[in-house]
Amino acid sequence: MSSDPTAPRRGLKATGLAAAILAALVVAFGIGTRASGHARLKEWTEAQAVPSVSVVLPGTSGEGRSLELPGRIEAHARAPIHARVSGYLKSWKVDIGARVKAGQLLAEIEAPDVQQQLLQARADLASSEANAALAETTARRWQSMLGSDSVSQQEVDEKNGDLKAKQALVKAARANVERLQATENFTRIVAPFDGVVTARETDVGQLINGSGAGAELFVVSDVSRLRVYVNVPQTHAASIAVGSDATIAVPERVGVTYAARVEALSQAVNAATGTTLIQLSVDNAGGELLPGGYADVTFALAQNAAALRIPASALIFDQGGLRVATVAGDKVAFKAVTIARDLGRAVEIATGLDAADRVIETPPDGVAEGDPVRVVDAAAKAASPSGTSGHATR
């Protein structure tokens, strides 16, 4: 049986054709896979170009917040005591820390010149009284002689006028005596009211200047009640009224607080500090608080139901003013806002924001109006009051 010489050639052609088809399929598959990879890469790159943001819903203020500010303690009444007469300090009767009553003797000044002036004034008064008595006797005598025409009416009038002049001199001399007696009383330094001697700036033998221009001899303070002065920022001034309660803490008594009440407001804002001065009163019957000291004063502020709270990181302050970035759909929308209270990590917004606004918690740098964004968590979380705890800034 003879063989076909063309059979091997047809087998080789079939094999080559199959190999070519297989190679074409491999190339086509590679090109398709690469194109698909490029498409996915492009899609991923475009997705990464859209910033991811976390949003919060504005929360309500929750419970009322406290405002803690530094204050200074002053005595309810403080009297620096100066001398009214010149001389030398004869003695002092009380020292610092002593409790005194109104009118109690604190010190004595030796003023011999005042005593000599008083003696002279009394002698002048006696001389004036003697001259007035003689003038009165003379006037009566001349008046009696007028009935017998022994003297003229003119002479009688002159004697009566001389009597009035002598009586006026008596009054002047008596007033001078009383003035010097009052001056002599000033040699006794007495307490003006019940209190504590908080300073003594004199000693026995010291030369005392009675002009009142020198340093005080003593300082007496009424510390049974104290005044506390606090500078409150203008933004919080409207939240505090006369009669409002507050608590006071001092560094030397850790863990102890004292009740205080607002007594007065200055009704003006200091242009240099932007604060208004508030005066509180605190009872100090136990003497635990010291005048002149530092105190932490805490006010309980009422809740503002209309205010919305957002994280402080959501605020943007640029050439457009104070704003927050919100997400409307998948685009950025800016809203201008005003702050009601600064609570540190959170702020209360007075105007410009709605409770349904989705606020970007930390806006990316360079974000602009209308930029597309991707919300990380589709369910926006509310700004919880507990998550923004802390006192209002001082």
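One-based numbering along the sequence shown.
- Within a 6.0 Å sphere centred on OH of Tyr88, other residues, nucleotides and ligands contribute 12 heavy atoms or fewer.
- Val196 and Phe193 fall into different hydrophobic clusters, where Ile, Leu, Val, Met, Phe, Trp and Tyr are joined by side-chain heavy atoms under 4.5 Å apart, directly or via other members.
- Looking at Thr235 and Ile339, their side chains never come closer than 4.5 Å, going by heavy atoms from C-beta outward.
- Between the side chain of Asp222 and the backbone N or O of Ser224 there is at least one donor-acceptor pair closer than 3.5 Å.
- In this structure, the side chains of Val156 and Lys159 stay at 4.5 Å or more apart for every pair of heavy atoms.
- In this structure the side chain of Leu106 never reaches within 4.5 angstrom of the side chain of Lys93, judged on heavy atoms.
- Taking 4.5 Å as the limit, every side-chain heavy atom of Gln206 sits out of range of all side-chain heavy atoms of Leu217.
- When side chains are defined from C-beta on, Arg358 does not count as touching Thr326, because their heavy atoms never get closer than 4.5 Å.
- Side chains of Asp157 and Gln153: a donor-acceptor N/O pair is present below 3.5 angstrom, by distance only.
- Between Leu169 and Ser127, the closest side-chain pair of non-hydrogen atoms is not below 4.5 Å.
- A 6.0 Å sphere centred on CD1 of Ile96 holds no more than 12 heavy atoms belonging to other residues, nucleotides or ligands.
- In terms of modelled atom types and a separation under 3.5 Å, the side chain of Thr198 and the main chain of Val219 share a donor-acceptor contact.
- Residues Ile109 and Leu89 form a side-chain contact, since some pair of their non-hydrogen atoms from C-beta on lies under 4.5 Å apart.
- No more than 12 heavy-atom neighbours from other residues, nucleotides or ligands sit within 6.0 angstrom of NZ on Lys90.
- Side-chain atoms of Gln181 and Arg122, non-hydrogen and from C-beta on, do get closer than 4.5 Å to each other.
- Using a distance-only test at 3.5 Å, with no hydrogens or angles considered, a donor-acceptor pair links the side chain of Ser313 to the main chain of Glu361.
- Panel note: side chain Asp354, backbone Ala356; no donor-acceptor pair is recorded below 3.5 Å.
- In summary, the side chains of Glu158 and Gln154 do present a donor paired with an acceptor at a separation below 3.5 Å, with no hydrogens or angles considered.
- Using modelled atom types and a 3.5 Å distance limit, the side chains of Asp296 and Tyr294 yield a donor-acceptor pair.
- Side-chain N or O atoms of Asn284 include one that pairs as donor or acceptor with a backbone N or O of Val223 at under 3.5 Å.
- Exactly one residue among Ile73, Leu67, Val230 makes a side chain to side chain contact (heavy atoms under 4.5 Å, CB included) with Val297. That residue is Val230.
- Heavy-atom contacts from other residues, nucleotides or ligands closer than 6.0 Å to CD of Glu263 number more than 12.
- Side chains of Ser221 and Arg78: no donor on one and acceptor on the other come within 3.5 Å.
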